[in-house]
A.B. asks: 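Okay, here's the structure, questions in a sec.
No hydrogens, no waters, no symmetry mates; every other heavy atom, side chains included, goes into these values.
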Amino acid sequence: MEYTKNIMSTSHHFFLESEHIYLRPLGEEDIPSCTRWFNDGVVTHFLFYGQVPMSESDVRELFARQKGSGDTVFVIVQKKTDIAIGVCG
(Lines give C-alpha, C1' and ligand atoms only; values in the text may rest on other atoms or scores of the structure.)
Protein backbone atom coordinates (compact mmCIF):
# COMPACT_ATOMS: atom_id res chain seq x y z
CA MET A 1 0.00 0.00 0.00
CA GLU A 2 1.38 3.39 -0.96
CA TYR A 3 1.01 6.30 1.46
CA THR A 4 0.91 9.96 0.59
CA LYS A 5 1.88 12.53 3.20
CA ASN A 6 -0.32 15.58 3.27
CA ILE A 7 0.86 17.58 6.26
CA MET A 8 -2.14 19.63 7.39
CA SER A 9 -3.29 20.53 3.91
CA THR A 10 -5.38 23.69 3.99
CA SER A 11 -7.86 22.17 1.55
CA HIS A 12 -8.54 18.92 3.43
CA HIS A 13 -6.94 19.25 6.88
CA PHE A 14 -5.44 15.76 6.57
CA PHE A 15 -2.31 14.78 8.42
CA LEU A 16 -1.71 11.51 6.59
CA GLU A 17 -3.63 9.85 3.80
CA SER A 18 -3.76 6.37 2.23
CA GLU A 19 -6.00 4.75 -0.33
CA HIS A 20 -8.81 3.97 2.16
CA ILE A 21 -8.31 6.21 5.20
CA TYR A 22 -6.96 9.55 6.31
CA LEU A 23 -5.95 11.03 9.64
CA ARG A 24 -7.16 14.41 10.80
CA PRO A 25 -6.94 16.35 14.05
CA LEU A 26 -9.42 15.47 16.78
CA GLY A 27 -12.30 17.94 17.10
CA GLU A 28 -15.15 18.57 19.51
CA GLU A 29 -17.52 16.86 17.05
CA ASP A 30 -15.61 13.59 17.64
CA ILE A 31 -16.26 13.41 21.40
CA PRO A 32 -19.60 11.51 21.16
CA SER A 33 -18.09 8.80 18.91
CA CYS A 34 -15.01 8.47 21.11
CA THR A 35 -17.24 8.17 24.18
CA ARG A 36 -19.16 5.29 22.53
CA TRP A 37 -15.92 3.55 21.57
CA PHE A 38 -14.32 3.97 25.01
CA ASN A 39 -17.44 2.49 26.65
CA ASP A 40 -17.53 -0.55 24.35
CA GLY A 41 -15.87 -3.54 26.02
CA VAL A 42 -15.07 -5.20 22.69
CA VAL A 43 -13.28 -2.09 21.43
CA THR A 44 -11.35 -1.52 24.66
CA HIS A 45 -10.61 -5.13 25.61
CA PHE A 46 -6.82 -4.70 25.26
CA LEU A 47 -6.66 -0.97 26.04
CA PHE A 48 -6.34 1.08 29.20
CA TYR A 49 -9.48 3.00 28.22
CA GLY A 50 -12.81 1.43 29.03
CA GLN A 51 -11.80 0.13 32.44
CA VAL A 52 -14.58 2.29 33.91
CA PRO A 53 -17.54 3.98 32.24
CA MET A 54 -16.56 7.32 30.68
CA SER A 55 -18.86 10.28 30.09
CA GLU A 56 -18.36 12.80 27.30
CA SER A 57 -16.88 15.10 29.93
CA ASP A 58 -14.40 12.38 30.96
CA VAL A 59 -13.34 11.84 27.34
CA ARG A 60 -12.96 15.59 26.80
CA GLU A 61 -10.74 15.79 29.92
CA LEU A 62 -8.69 12.78 28.78
CA PHE A 63 -7.92 14.41 25.43
CA ALA A 64 -7.19 17.76 27.11
CA ARG A 65 -4.64 16.04 29.40
CA GLN A 66 -3.05 14.29 26.42
CA LYS A 67 -2.83 17.54 24.48
CA GLY A 68 -1.39 19.31 27.54
CA SER A 69 1.33 16.68 27.85
CA GLY A 70 2.37 17.15 24.23
CA ASP A 71 0.66 14.02 22.90
CA THR A 72 -1.17 14.22 19.60
CA VAL A 73 -4.47 12.47 18.88
CA PHE A 74 -5.76 11.91 15.36
CA VAL A 75 -9.11 10.67 14.13
CA ILE A 76 -9.02 7.81 11.61
CA VAL A 77 -11.58 8.47 8.88
CA GLN A 78 -12.76 6.07 6.20
CA LYS A 79 -12.47 7.95 2.89
CA LYS A 80 -15.33 6.18 1.11
CA THR A 81 -17.90 7.20 3.75
CA ASP A 82 -16.10 10.13 5.42
CA ILE A 83 -17.00 8.52 8.77
CA ALA A 84 -14.67 8.41 11.77
CA ILE A 85 -13.73 4.81 12.57
CA GLY A 86 -11.22 5.30 15.38
CA VAL A 87 -8.50 7.36 17.00
CA CYS A 88 -4.74 7.02 17.21
CA GLY A 89 -1.78 8.90 18.53
A.B. asks: Measure across Cys34 and Val87 and return the closest heavy-atom pair with its distance rounded to 0.1 Å.
C.D. replies: SG-CG1, 3.6 Å

A.B. asks: Starting at CG of Leu26, measure out to CZ of Phe74 and round the result to the nearest 0.5 Å.
C.D. replies: 10.0 Å

A.B. asks: Would you please test Gln66 and Ser69 for side-chain hydrogen bond (donor to acceptor under 3.5 Å, both in side chains) and show each step?
C.D. replies: CA-CA 5 Å; Gln66 287 179 321; Ser69 70; over 6 Å; no

A.B. asks: How close do Asp58 and Met54 get, heavy atom to heavy atom, and via which atoms?
C.D. replies: OD2-CA, 3.5 Å

A.B. asks: Verify side chain to side chain contact (heavy atoms under 4.5 Å, CB included) between Val73 and Cys88, making sure each step is shown before the conclusion.
C.D. replies: CA-CA 6 Å; Val73 179; Cys88 64; over 6 Å; no

A.B. asks: Hey, mind stepping through Val77 and Asp82 against side chain to side chain contact (heavy atoms under 4.5 Å, CB included) and telling me if it holds?
C.D. replies: CA-CA 6 Å; Val77 182; Asp82 206 35; 3.7 Å; yes

A.B. asks: Looking only at non-hydrogen atoms, find the nearest pair between Thr44 and Trp37 and report the distance.
C.D. replies: CG2-O, 3.5 Å

A.B. asks: Given Val59, which partner from the list Asp30, Asn39, Ile31 fulfils the side-chain contact (heavy atoms from CB on, under 4.5 Å) test?
C.D. replies: Ile31

A.B. asks: Given the rule in the side chain to side chain contact (heavy atoms under 4.5 Å, CB included) test, do Val43 and Phe38 qualify, once you have shown the distances and angles that lead to the verdict?
C.D. replies: CA-CA 7 Å; Val43 173; Phe38 292 168; 5.8 Å; no

A.B. asks: Enter the distance from Leu23:CG to Glu17:CD here, rounded to the nearest 0.5 Å.
C.D. replies: 10.0 Å

A.B. asks: Is any side-chain N of the basic residue among Glu29 and Arg24 closer than 4.0 Å to the acidic one's carboxylate O?
C.D. replies: yes

A.B. asks: Might you point out which heavy atoms bring Ser18 and Lys79 nearest each other, and give the distance in Å?
C.D. replies: O-NZ, 2.9 Å

A.B. asks: Show the nearest heavy-atom pair for residues Ile76 and Ile21, with the distance to one decimal.
C.D. replies: CG2-CD1, 3.9 Å

A.B. asks: List the atom of Thr35, the atom of Ser55, and the distance in Å for their closest heavy-atom pair.
C.D. replies: CG2-C, 3.9 Å

A.B. asks: Quick one: do Arg60 and Ser57 satisfy side-chain hydrogen bond (donor to acceptor under 3.5 Å, both in side chains)? Show the steps, please.
C.D. replies: CA-CA 5 Å; Arg60 207 173 274 108; Ser57 178; 5.1 Å; no

